[in-house]
Every structure is written in structure tokens, then in C-alpha cells.
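Values reported hereafter were calculated over all heavy atoms of this structure, with side chains retained and with hydrogens, waters and symmetry mates removed.
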Amino acid sequence: MTKLRLIALLLALVPAIGLAAGAGPKLETSGTDLSDKASLQRGAGLFMNYCAGCHALSMHRYSRIASDLGLSPELVEQNLMPAHAKIGENINTGINTGDGNAWFGKAAPDLSLIARAKLGGPDYVYSYIKGFYIDESRPLGWNNTVFPGASMPNVLWDLQGIQRPVYDQGADGQSHITRLELSSPGRLSPEEFDRVARDISAFLQYVAEPAALKRESVGVWVLLFLAFFTFIAYLLKLEYWRDVH
Ligand code: HEC
């Protein structure tokens, strides 16, 4: 009887779990590819130039980026690191939490694990980067469709251009943002900006799980070994059955 009750309770919970998984903003597909080294290298450069001023990747070292992404330590030192940092150090930011709170109302979080912490992973980061629009009611003049009320300014606006929201009346009688419209173009075309967002998302996906790079390259060899071993086993079977007949 108690067992039956437990099962009934679990069944009753299933729709609730489904709803929870379906909640959250609609995300765009990022199309990141961890085997694309060039994309990861571009992403690292973009991150260090546009994001590392506020966001740390404190679980990651500069030297690890060099070896994982096939960059020489000199290149990383000259192009991806602030002047005072050492190649063996963790990636920290110059802004401390107190300043972050004072300047943005919220300290910029460490992004070491962001691509794993968020539902959607790299798709979340990609959609967030592309989701900024102008909103005079916000303290810094920016809002975000994926994270409404985010206190981060759109740091890539000169590349992307300025987006304005297009509203539509929903079934509940309230107006909702249906899409964002480019009201003044940036230095890049929309396709080029998509690539920028994809490269940064891929880089953060790699940072959140550096072992994934190795796993993918080892995986190919494991599959080849299994295929080869199956073939050997087949030959062995032929050999055994020859004697049986
Ligand atoms: C001027 C400082 C600043 C810069 C530069 C900056 N950010 Fe942020 N970022 C913030 C702040 C502040 C928050 C916290 C927002 C909040 O919680 O309201 C944030 C939050 C985030 C989040 C978490 C969003 C969430 O849902 O919790 C992501 C992802 C992010 N930033 C990505 C980036 C990327 C990628 C770049 C570089 C293109 C970047 N940021 C550059 C200040 C900055």
C-alpha cells in the first residue's frame, strides 16, 4: 500500500518536473564546436579583450589555455594577459567585488563554470551575448531578453550595433518582446557578430570543462579500437567454428 502511494506521488510529480525543465528563456542554438581550435583561439582573444576586465576565470590558468589551445606561452603573454600577470597564474580580474557592487549594483560573477551552471550551457551564453537591447529605464541604459534586469552593460555594442525591442500583445493582454531589431548597425555584420558570440561561447564551454577537448580526441581512438577488436573477434569465431563442423 505504501509502495503504491509512493508510486502515485512520483507520477503526480512528473508533470511538475517537466514544467520546471521547460521554464526559462527561449535560447538560440550556438553551434559551438570544441574541435574547432581556431574558434576557441578567437574566443580566448575576445574574452580577454572584452570580458576579463570585469570577469575572472579563477579556476583556469593562462598556461593551461596556451597548452590546450595550441598557443605558444609568449603569444599568450603578449596578447592575452594583463602586463602584471604571470603565465602560471589563475585568470583573475582587476575589479574587486566592492567596486563591482558600487559600479554595476552587482559584482560581475566568476565565469569559470558558467557554461555548465546554466540550463542550455553554451546556448545560454550565446543567447545572453546576443540578447542586449537599449532600455532607458535601466541604470546603465541596457537590458537583456535572456536575463531581464541584468546589471551588465552591453560591452560588445560597437561590434554588434544597437538593438531595440519589438513588442507584441500577448494572450494575457500584456505586451511582450517578440524580437530585437538592429536600430543602428555596428562595425560587424549580423553574421560576423554571430560568429563572435559563438567563439566566446565555445571558449567558455571549453573553460567550464577542459577535459572535454581530450575526451573527444581520445574517443575517436576508442571507437577505432573497438571496431578493430570486433573484427579480430569475428575472425576468432570463424576459426573456432571451423573445427565444430
Ligand atoms: C563592465 C563590466 C563587465 C564586462 C566588461 C562584462 N561583464 Fe558580464 N557581467 C557583468 C556584471 C556586473 C554581471 C552581473 C549581472 C547581474 O547579475 O545582474 C555580469 C554577468 C554576466 C553573465 C552571467 C549572466 C547570468 O545569467 O547570470 C555572463 C554569462 C556574462 N556576464 C558574460 C560576459 C561576457 C561574455 C563578456 C565579454 C563579452 C562580459 N560578460 C563582459 C559585468 C561585465
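- Proximity of a side-chain donor or acceptor of Asp135 to a complementary backbone N or O of Trp142 within less than 3.5 Å is not detected.
- Partner Leu57 forms a side chain to side chain contact (heavy atoms under 4.5 Å, CB included) with one of Met59, Arg61, His60 and no other, that one being His60.
- To the nearest 0.5 Å, atoms CG (Leu75) and CD1 (Ile65) are separated by 12.0 Å.
- Taken to the nearest 0.5 Å, the CD atom of Glu89 stands 7.0 Å off from the OH atom of Tyr62.
- For Ser175, there are no side-chain hydrogen bond (donor to acceptor under 3.5 Å, both in side chains) partners at least two apart in sequence or on another chain.
- Within the model, atoms CH2 of Trp157 and OG of Ser184 stand 7.5 Å from one another, a figure rounded to the nearest 0.5 Å.
- Counting only N and O atoms by type, the side chains of Ser39 and Asp199 include a donor and acceptor under 3.5 Å apart.
- The main-chain N or O of Gly186 is never found under 3.5 Å from a side-chain atom of Gln160 such that the two would form a donor-acceptor pair.
- Taken from CG in Asn79 to CG in Leu71, the straight-line distance is 9.0 Å, to the nearest 0.5 Å.
- Atom-to-atom distance recorded for Leu238:CG and Arg242:CZ is 7.0 Å, nearest 0.5 angstrom.
- Val155 and Tyr133 are members of different hydrophobic clusters when ILVMFWY side chains are connected at heavy-atom separations under 4.5 Å.
- Side-chain atoms of Gln205 do not come within 3.5 Å of backbone N or O of Val125 as any donor-acceptor pair.
- With respect to the salt-bridge test (charged N to carboxylate O, under 4.0 angstrom), the residues Arg195 and Glu192 do not qualify.
- Val218 and Leu226 fall within the same hydrophobic cluster, where Ile, Leu, Val, Met, Phe, Trp and Tyr residues are linked whenever their side-chain heavy atoms come under 4.5 Å apart, directly or through other members.
- Side chain of Glu28 to main chain of Ser127: no donor-acceptor pair is present (N/O by atom type, distance under 3.5 Å, no hydrogens or angles).
- Checking side-chain atoms of Arg138 against main-chain N and O of Asn143 turns up no donor-acceptor pair under 3.5 Å.
- In the hydrophobic cluster analysis, where Ile, Leu, Val, Met, Phe, Trp and Tyr join through side-chain heavy atoms closer than 4.5 angstrom, Phe147 is grouped together with Ile200.
- Closest heavy-atom contact between His55 and Met152: NE2-SD, 4.1 Å.
- Side-chain contact between Tyr124 and Val146 is present, with heavy atoms from C-beta onward closer than 4.5 Å.
- Shortest non-hydrogen contact noted between Ala150 and Asn144 is CB-CB, 4.4 Å.
- Remark: Lys37 NZ to Asp68 CG distance equals 7.5 Å, nearest 0.5 Å.
- Panel note: side chain Arg164, backbone Glu181; no donor-acceptor pair is recorded below 3.5 Å.
- Closest approach of Ser58 to Asn92, counting heavy atoms only: CB-OD1, 3.8 Å.
- A side chain to side chain contact (heavy atoms under 4.5 Å, CB included) with Ile177 is found for exactly one of Val166, Thr145, Asp168, namely Thr145.
- Ring planes of Phe203 and Tyr206: tilted class, angle from 30 to 60°.
- In this structure, the side chain of Ser201 engages the main chain of Tyr126 through a donor-acceptor pair within 3.5 Å.
- Hydrophobic clustering, with ILVMFWY side chains joined whenever heavy atoms are under 4.5 angstrom apart, groups Met48 together with Ile129.
- Remark: the Asp123 side chain and the Thr29 side chain contain no N/O donor-acceptor pair separated by less than 3.5 Å.
- Tracing side-chain contacts under 4.5 Å through hydrophobic residues (I, L, V, M, F, W, Y), one never reaches Leu180 starting from Tyr128; they form parts of separate clusters.
- Here the side chain of Thr93 pairs a donor or acceptor atom with the backbone of Gly53 at under 3.5 angstrom.
- The nearest pair of heavy atoms linking Leu34 to Leu213 is O-CD2, 3.4 Å.
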